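Down below is the structure, laid out as structure tokens.
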Amino acid sequence: MPMYTLDWFANFGFSVLRLSTPLIFAALAAVISRKAGMLNMALEGMMLTSALAGVILSGFTGSVWIGLIGAIIVGVLSGAIIGFSNLTGKTDLYLTCIAFNLAATGGTVFVMYLLTGEKSTTSAAIRAFSVPSITIPLIDKIPLIGKMISGHNLLTYLAFLSIYMVWFFLYKTRLGLRLRAVGENPKAASSVGINVTKIGYISFLISGILCGLGGAFMSMGWVSFFMKNMTNGRGYIGLSAMNIAAGNPVGSALAAIFFGFSDAFATMIKGRGGDFPTEFIEMIPYVATIAALVVMNIIRMGQKRKIEQGVKQK
Amino acid sequence: MNKTRRIETTVELVRILVAIGIAYLIALIILYAISDDPVFIIKQFVLGPLSSSRRMGSIINLAIPFTFTGLCFCFMYAVNKFNLAGEGIFMFSGCIVTLTSIYLGKSGFPPVIVIPLLLVVGAFTGFVISLIPAYLDAKLNANIVVVSLMLNSILVFLSIWILKYLMRDPSIGSLGSLPIPESVKFASIFGKFKIQAGIFIAIIAVIVVAIIFYKTVFGYKMRVVGSNPNFAKASGINMMVTIVLAQLIGGSLAGIGGACEILGNYDRFKWVASTQHGFDGLMVAVLARRNPILVPITSLLLAYIRIGADVVNSKGDIPIEFITVIQGIVILLVAAEEFMGGFKKRLIYKAAKDDLKSDKEMVVQEILADDENKIEARKESME
Amino acid sequence: MAQEVLRMDNITKIYDNGFVANKNITFWLNKGEILALVGENGAGKTTLMKVLFGLESPQSGDVYINGEHVKIENTLDAIDKGIGMVHQHFMLLPSLTVAENVALGIEPMKKGLFDFNKAVKMTQEVADKYRFNIDPLSKVEDLSVGQMQKVEIMKVLIRGAKIIIMDEPTAVLTPQETDELFEQLLLLKEGGHSIIFISHKLEEVKRICSRVTVLRHGYCLGSYDLENMNESDISRLMVGRDVVLKIDKEDPKPEEVVVKIKNLVKINETGKKVIDGISLDIRKGEVVGIAGVEGNGQSELSDVLCGMDTFSSGEVRINNQDIVGKTVHEIRQMGLAYIPEDRMRHGCAADLSIKDNIISDRFFLPEYCKGLFMKHKYIDQLVDQYIKDFEIACDDKNQPVRMLSGGNIQKVVVAREFTSGSNFILANQPTRGIDVGAAEMIRKTIVKKSRTEGTATLLISADLNEVLECSDRLLVMRKGKIVAAFPKANEVSEDELGEYMLGIKTMTAKEMENVL
């Protein structure tokens, strides 16, 4: 495809939004946990299990919607497992999440093998289903923008809608207020009769819903099959996005879109072919994540220093 | 209070054994449920690893890399940093060591020089790589788990690139490096057990690490920093140096592990995906409760289960991946404070209640009478 | 016969570490009375109240409210039964508004959403009814300590509590704020509320309570009418002997300056000046006390002096060496010993042994190690000696610190800091929350070290008794500034101190000139 035409830009923009989708879900899931005072690093495993559940359930029932709901339910169940281990079993959260991700990586392959006899992908064994794409009337007629934002998978629109919903939930509802209270000072919250453990569970369960959607997008939107370890670090990238924006839902989503951009960029270069080794292109999303974390923290520390020394240079 | 201490230690030990027992039981139940011939498969899983000297040797050979990565995570753990770079280091160090060995093999230096040199290269690789997450965390407060995991992904691609462009053997069909020179490969010892000579390096490593942990000043610093960093800071311990250095030592050990694995068990480098040795090491360290002396034991245990899974995998219809699920369960059970916490609490409450009964002389009336006496005595002495 | 609103029967509470905090305690409260619950630190007062409020579950015992047997399993149960608790450490969310804090847990709703305006209205109503002068819209982080306490009381009242637990409410207040609080409490009493008042300050107990219940070592020593008891009767019941709060000390003979602080300024992350131009000398052989309401820059000053935190401008010299850019280690080498405010956070590592805790500031010295290795034998002997000298009650030196009582943990801390050979001791709240015996030992040692060894001491404390008793010179800090300086601590009254702490009075630079 010739480069830098209007079409090219439209396509690239489309691809950025598409690749941002799972990252936005993951980032928002991380935001919910963070506001409840927890760093949820199990997003990766939660998305992975949901992705597999979606494919299997839709394949066996023949309904994409049952698959989608199944993915969400499995995401919520994963959240419940992590909540149980961390809140009821009092396991260190880091270890819980690492153990869960480990089990999810192997467990999904195990289940896939049991059901299909395949070990790397379900593409041949299970009938493919995709959540439908939606063309937005009128807007799709606008040049450039129409092509960029119309015709996406339903879940992509849902991801952007979720940004607002998560914000609304956190700042406008009672549960959101309580959740933030628990995150800020669990003792204070429990002293007024708020059940801290319950709120913790709720935060993991909501995280689970979002991860379920993210996982479903991976296996029923982005592609239409499950592949071994297909989330490929997206859970962690979503977590970094939250980290960069210090838990602000809108900022986290923007950071997620930036990572989606770097993903799209890598895909675009790879698509062009050429001599450049693909290995280095594949690294781009990961390098971008580390770089973004580093830059953001340098900026933050610089600001802090400036405020503290502010009066010194007069 | 002495009782409480004893109860805590005992329960801790029982807990780990029960956790492993439960996980093993779950493994057996899974095997039973999904296999067409469960009795045969379970027998293979339990006894298979011990059925031949070759397989017993395999257990030990597998435990060697686990020991290295396990020790690596003991260091990360000791300073409370979840630096997961050990995973990527293991693979990348294997890659770099292979590359170096291919070049050094041609140079004609005697193996006595080349082998230690290769180990140093492995250690140095680990050292340099673990510096990245350690430094970014210490200086810039960048989430160490995220950074180290991203780094692991990067290292996988970097290894593949090196394999493809710097040392690929075009004469073989699959993707693999040029052969590692025979002269630098570790000898196989103990006859038919075929145990690789890396075992000696592993044993030395365990001893050295145990000394570092329990006898040296640095070990003390790690203990304080890991136990309460705020206190370490207020005491004037240089936290940043301790934390970073511990991770560098840990990374170096993972690097040596990668070197030993390649030189001991392989003819050429052909890893194209992460080897999972790092995460296995994490489990080994968790099971060993951060105690380096226990690392070889838990490594052997994990290796035994792994070889069992291997045997089952080759004999029947069970994919080896189910083991990672079991592994996750073990980590969760061992790390869960509340797992058997009720049992521990009941023991402690009971001990405390017994004490309460035994200090009968402390009943209220006697306390008050005792006070009177003391006050009287004091008044008298003052007069 | 007074009507009994609350009875707790045979309460036994054992903590997970095996510590028995309450031993078969029986306790009751009458309608419309203010009951004092007294006892030393660690006697089990707070635990008993946590059991009542559903924060801790006891191993055995029963609770009756208005004669009815009730089960209190969590705070919600307690609130339902009309029990409210004002915690010693405020249970507030600083980033939220007063209204949100007050309404949390009983949030008014409109169309399924949190109704903020209604919350503001509710808060205003309570404030008006009980004459609290607080703006529901202000953020809690901007309030003073006294105001925060009022928010806490409002939280309790809005939930309709009839039984109110006040856990050491006056510990953080100035004398003037205390007066105000007491008026409020009497008002509540008249309104039919029953109040449990926990305090160490016996004159306060005498002032507003009608009955006292005494706890010691987890036992209840009985309830007494206060009419026929004086303060020393109560204190004898509390500790089992007459407490001598006076420390005999000769006048100091201050010599050369050990610590010199000049125009010290510290701006924190939010851009607030938490230390605002402090200048001060501490000389050899004297104890300088700093009083003040907590959160007026004392913690920051101690963090800066020991090198835990940086400062924005000014100069600090210890033994004539500049501390700017120096690490904690280097400052300790200059001659600093540091008893931190929060012993569990900065004073010890709970999971490590007494031995490991005692050597944390000196393990690198040649006596303690040889090359890379520790000299365990020598260290063992030394630590055993310290355990004896400082009367640390423990199994042995290898016992983890977390298994000790608060007073013994603090003894481990001072065993380290008092033996470090430093000539400047920075003691921040050195006796907070520990039993009288340990506190007395620590205070006496501070004074003794200044007299016999010529140690320079900076004593920061919110306990007015402590600063008045131990200090030679006494300063008052408010809003990051020194607002008063007295040459002789024993000539200052608590009320006078309170006026400076509250900002009712401020000394001019000229008045303080010769004292700093």
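Everything numeric in this text was worked out from a predicted model, so none of it was measured. Basis for what follows: all heavy atoms, side chains included, without hydrogens, waters or symmetry-related copies.
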| Of all of C:Pro400, C:Pro340, C:Cys348, which one pairs up most often with chain B through heavy atoms under 4.5 Å apart? |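 When all of C:Pro400, C:Pro340, C:Cys348 are compared, C:Cys348 has the most.
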Heavy-atom neighbours of [X] [atom1] exceed 12 at 6.0 Å:
{"X": "B:Tyr135", "atom1": "OH", "result": "no"}
{"X": "B:Phe127", "atom1": "CZ", "result": "no"}
{"X": "C:Tyr378", "atom1": "OH", "result": "yes"}
{"X": "C:Glu367", "atom1": "CD", "result": "yes"}

Would you name the heavy atoms of [X] and [Y] that are closest together and state the gap between them?
{"X": "C:Asp16", "Y": "B:Ile348", "result": "O-CD1, 3.1 Å"}
{"X": "B:Phe231", "Y": "C:Gly347", "result": "CE1-O, 3.1 Å"}
{"X": "B:Asn230", "Y": "C:Arg345", "result": "CB-O, 3.2 Å"}
{"X": "C:Leu352", "Y": "B:Val224", "result": "CD1-CA, 3.7 Å"}
{"X": "B:Val217", "Y": "C:Gly371", "result": "CG2-O, 4.3 Å"}

| Worked check of side chain to side chain contact (heavy atoms under 4.5 Å, CB included) between B:Tyr220 and C:Ile359 | CA-CA 10 Å; B:Tyr220 172 75; C:Ile359 58 170; 3.4 Å; yes
Rounded distance (nearest 0.5 Å) linking atom [atom1] of [X] with atom [atom2] of [Y]:
{"X": "B:Lys221", "Y": "C:Phe363", "atom1": "NZ", "atom2": "CZ", "answer": "5.0 Å"}
{"X": "C:Met374", "Y": "B:Phe218", "atom1": "CE", "atom2": "CZ", "answer": "13.0 Å"}
{"X": "B:Asn238", "Y": "C:Thr327", "atom1": "CG", "atom2": "OG1", "answer": "7.0 Å"}
{"X": "C:Glu417", "Y": "B:Ser235", "atom1": "CD", "atom2": "OG", "answer": "7.0 Å"}

| task | Heavy-atom distances under 4.5 Å only: say whether B:Lys233 touches chain C with side chain, backbone, both or neither. | result |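 It is both, since atoms from each part get that close.
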| said: Report which part of B:Lys344 has an atom under 4.5 Å of a heavy atom belonging to chain C: side chain, backbone, both, or neither. | reply: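 The answer is neither part of B:Lys344.
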Under 4.5 Å heavy-atom distance to chain B, tell me which part of [X] shows up: side chain, backbone, both or neither.
{"X": "C:Thr12", "answer": "side chain"}
{"X": "C:Tyr15", "answer": "backbone"}
{"X": "C:His376", "answer": "side chain"}
{"X": "C:Asn357", "answer": "both"}
{"X": "C:Ser360", "answer": "both"}
{"X": "C:Arg332", "answer": "side chain"}
{"X": "C:Arg362", "answer": "neither"}

| field | Any donor-acceptor N/O pair, C:Asp351 side chain to B:Asn228 backbone, under 3.5 Å | value |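 No, the answer is negative, given that no donor and acceptor are paired below the 3.5 Å cut-off.
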| task | For B:Ile237 and C:Phe364, run side chain to side chain contact (heavy atoms under 4.5 Å, CB included): C-alpha distance rounded to whole Å, both residues' side-chain angles, the deciding distance at 0.1 Å, then the answer. | result | CA-CA 10 Å; B:Ile237 293 174; C:Phe364 50 85; over 6 Å; no
